[in-house]
Undergrad: 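Okay, handing you the structure first.
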Amino acid sequence: MLEPRGVTFKSPTTDDRKNRHAFEVGGASHVKLRELDTPALLLDLDAMEHNLTKMAHFFGGGATRLRPHYKNHKCPALARRQMNAGAIGMTCATLTEAEALVSSGITDILISSELVGDRKISRFVELSQQTEVKAVVDNPKAVAALGAAGRGKECSLSVLVNVNVGQNRTGVRPGEFAVELAGKVLAEGLRFRGLMGYEGHVAHQVEGPEKEAAYDLAMGTLMKCRATLEDGGIPVEILSTGGTGTYHLSPRFPGITEFQAGSYLVMDTEYTNTCKDFERTLTVLATVISKTEGERAVVDAGLKSISGEHGMPVVKSCPGLRLRKLNAEHGIIDILDPSVALEVGDPIEIWVHYGDATINLHERIYGVRNGEVEEILRLQG
């Protein structure tokens, strides 16, 4: 029988199931993993705290400050820990995430995806009246809509111009196009706060001269935009950029004011292939529900509980087993080593390969330390 992290498992009893509701509502106090229904998303608290401290120390003493990305973990409690460790605020991918943070008492938020549509803009105005929240723009039509909404509520909305620095996803083209858009922001009565440029195309590149050159090109583009704006009399207060895979390169450009690293805190196995500075933290706990002797085992964790979008996850601490396929509710595991002791009812931990998409499938994360559930982290947004 496999025993992840040294914990003794047994099948849940009727009493275990009767106590489940109280456990979920009341939180965890050194609860054994056997008391969890599977599939369950687990977070290694020691590894998470190591990652939290490492990134906080890196950005703790310089001009560039950390504004972590919430989209990865979607957990207000973890966001509070990042703020307590020195972050100046949080980055969100969506308006819903920003609303979740504000409802949890966290302020100073940058929404890094463009807001389009009357309903979203109205919600953004409402949020701006409660706390410091900034939007990004890359299109004159969106700027006009934000300006009209702000004037209608007599509210001064904060805006950054999103510049395409090579990822070719969102962002206005650099140079005169970015300058024209910044002028449009000011003409619409919005507060132009600065520039954002995300070098996501560089983050997962293997370390070496090519990655450094790609990073320099991306950040050089952003710096040139800032210089052009300031030469034209438009001050640039904020220069926001970055991701976990390029954090160590940020000192090459001291003009960066804030860095949006996200994945570092709850690191997955995909990112550790190219960014080895942080420890893996996330697994999905599953149960073997079927076994064909010497061939395969089937677990109760499939695509509804763990993502295979960026590659197949691997079984933790057992090279004799290989996760081959994910169906909606099932994971198919090949038994490569027939000597592996594996039976129906046994628990298995599977490393999370793509954290963002996996976390999005769950309502809670179970924080684990020394083989026991120490806390339950609710997800929101």
Side-chain angles (χ1 to χ4, degrees), residues 58-59 62-72 88-94 110-116 134-140 142-143 158-185 192-232 234-264 271 274-275 356:
F58 185 86
F59 286 106
T64 304
R65 303 298 301 277
L66 184 61
R67 182 183 291 277
H69 222 306
Y70 181 75
K71 70 171 184 176
N72 177 248
I88 61 169
M90 297 297 297
T91 308
C92 294
T94 69
L110 170 65
I111 303 173
S112 63
S113 295
E114 286 72 10
L115 301 176
V116 176
K134 296 173 279 287
V136 300
V137 295
D138 69 357
N139 184 278
V143 172
S158 292
V159 167
L160 277 70
V161 169
N162 182 13
V163 179
N164 179 9
V165 295
Q167 191 186 27
N168 297 328
R169 187 171 65 185
T170 60
V172 66
R173 283 183 287 179
E176 63 181 293
F177 302 97
V179 173
E180 289 176 4
L181 193 61
K184 174 73 170 175
V185 167
F192 173 72
R193 303 295 300 278
L195 301 173
M196 186 187 86
Y198 177 47
E199 73 288 9
H201 58 296
V202 183
H204 288 281
Q205 291 186 22
V206 176
E207 294 300 326
E210 291 185 5
K211 180 172 184 173
E212 293 175 4
Y215 182 78
D216 290 349
L217 178 61
M219 291 301 97
T221 299
L222 195 61
M223 297 296 168
K224 186 175 181 179
C225 279
R226 182 187 66 176
T228 302
L229 283 167
E230 292 182 336
D231 287 345
I234 301 176
V236 179
E237 172 193 351
I238 298 171
L239 214 60
S240 187
T241 185
T244 295
T246 56
Y247 87 98
H248 59 298
L249 298 175
S250 61
R252 300 163 78 97
F253 293 89
I256 297 170
T257 63
E258 55 184 53
F259 202 85
Q260 300 177 19
S263 297
Y264 74 95
Y271 233 133
T274 54
C275 184
D356 289 35

Undergrad: Val179 and Leu229: which non-hydrogen atoms are nearest, and at how many Å?
TA: CA-CD2, 3.9 Å

Undergrad: Val172 and Val161: which non-hydrogen atoms are nearest, and at how many Å?
TA: CG1-CG1, 3.7 Å

Undergrad: Supply the atom-to-atom distance Asn162 CG to Leu195 CG, rounded to the nearest 0.5 angstrom.
TA: 9.5 Å

Undergrad: Per the side-chain hydrogen bond (donor to acceptor under 3.5 Å, both in side chains) rule, what does the pair list look like for residues 192-210, sequence neighbours excluded?
TA: Glu132-Arg193, Ser158-Arg193, Arg193-Glu237, Glu199-Thr241, Glu199-Thr246, Glu207-Lys211, Glu207-His248

Undergrad: State whether the side chain of Ser113 and the backbone N or O of Thr94 hold a donor-acceptor pair below 3.5 Å, judged by distance alone.
TA: no

Undergrad: Not counting sequence neighbours, which residues clear salt bridge (Lys or Arg N to Asp or Glu O under 4.0 Å) with Arg65? List them please.
TA: none

Undergrad: Are any side-chain N or O atoms of Asn164 and backbone N or O atoms of Gly171, one a donor and one an acceptor, separated by less than 3.5 Å?
TA: no

Undergrad: Can you sort out the partners of Glu180 under salt bridge (Lys or Arg N to Asp or Glu O under 4.0 Å), two or more places apart, ordered by chain and number?
TA: none

Undergrad: For atom CZ of Arg173, is the number of surrounding heavy atoms from other residues, nucleotides or ligands below 6.0 Å larger than 12?
TA: no

Undergrad: Working to the nearest 0.5 angstrom, can you tell me the gap between Asp356 CG and Asn72 CG?
TA: 4.5 Å

Undergrad: Rounded to the nearest 0.5 Å, what separation is found between the CG atom of Leu160 and the OG atom of Ser240?
TA: 6.5 Å

Undergrad: For a side-chain contact (heavy atoms from CB on, under 4.5 Å) check, start with the C-alpha distance between Leu239 and Glu258, then their side-chain angles and the critical distance, and finish with the verdict.
TA: CA-CA 6 Å; Leu239 214 60; Glu258 55 184 53; over 6 Å; no

Undergrad: Does Tyr271 form a side-chain contact (heavy atoms from CB on, under 4.5 Å) with Thr244? I'd like the steps, not just the answer.
TA: CA-CA 8 Å; Tyr271 233 133; Thr244 295; 3.9 Å; yes

Undergrad: Please report the interatomic distance CG(Asp216) to CG(Leu249), rounded to the nearest 0.5 Å.
TA: 7.5 Å

Undergrad: If we ignore hydrogens and angles and just use 3.5 Å, is the side chain of Thr91 paired with the main-chain N or O of Gln260 as donor and acceptor?
TA: no

Undergrad: Over all heavy atoms of both residues, which pair between Leu222 and Val163 is shortest? Give the atoms and the distance, please.
TA: CD1-CB, 4.1 Å

Undergrad: Quick check on the 6.0 Å ring-centre criterion: do Phe259 and Tyr247 meet it?
TA: no

Undergrad: What pair of heavy atoms forms the shortest contact from Ala178 to Cys225, and how long is it?
TA: CB-SG, 4.2 Å

Undergrad: Side chains of Pro235 and Glu230: closer than 4.5 Å at any heavy-atom pair?
TA: no

Undergrad: May I ask you to decide if Ala93's main-chain N or O and Tyr70's side chain share a donor-acceptor pair within less than 3.5 Å?
TA: no

Undergrad: To the nearest 0.5 Å, what is the distance between NE2 on His69 and OG on Ser112?
TA: 3.0 Å

Undergrad: Determine the minimum heavy-atom distance between Thr274 and Ala203, stating which atoms define it.
TA: OG1-O, 4.1 Å

Undergrad: Hey, are the side chains of Met196 and Leu110 touching, using non-hydrogen atoms and a 4.5 Å cut-off?
TA: yes

Undergrad: How many angstroms lie between atom CD1 of Ile111 and atom NZ of Lys71, to the nearest 0.5 angstrom?
TA: 14.0 Å

Undergrad: Considering all heavy atoms of both residues, which atom of Leu66 and which atom of Tyr264 are nearest to each other, and what is their separation?
TA: CD2-OH, 3.6 Å

Undergrad: Could you check whether any side-chain N or O of Thr64 sits under 3.5 Å from a backbone N or O of Ile256, counting only pairs where one atom can act as donor and the other as acceptor?
TA: yes

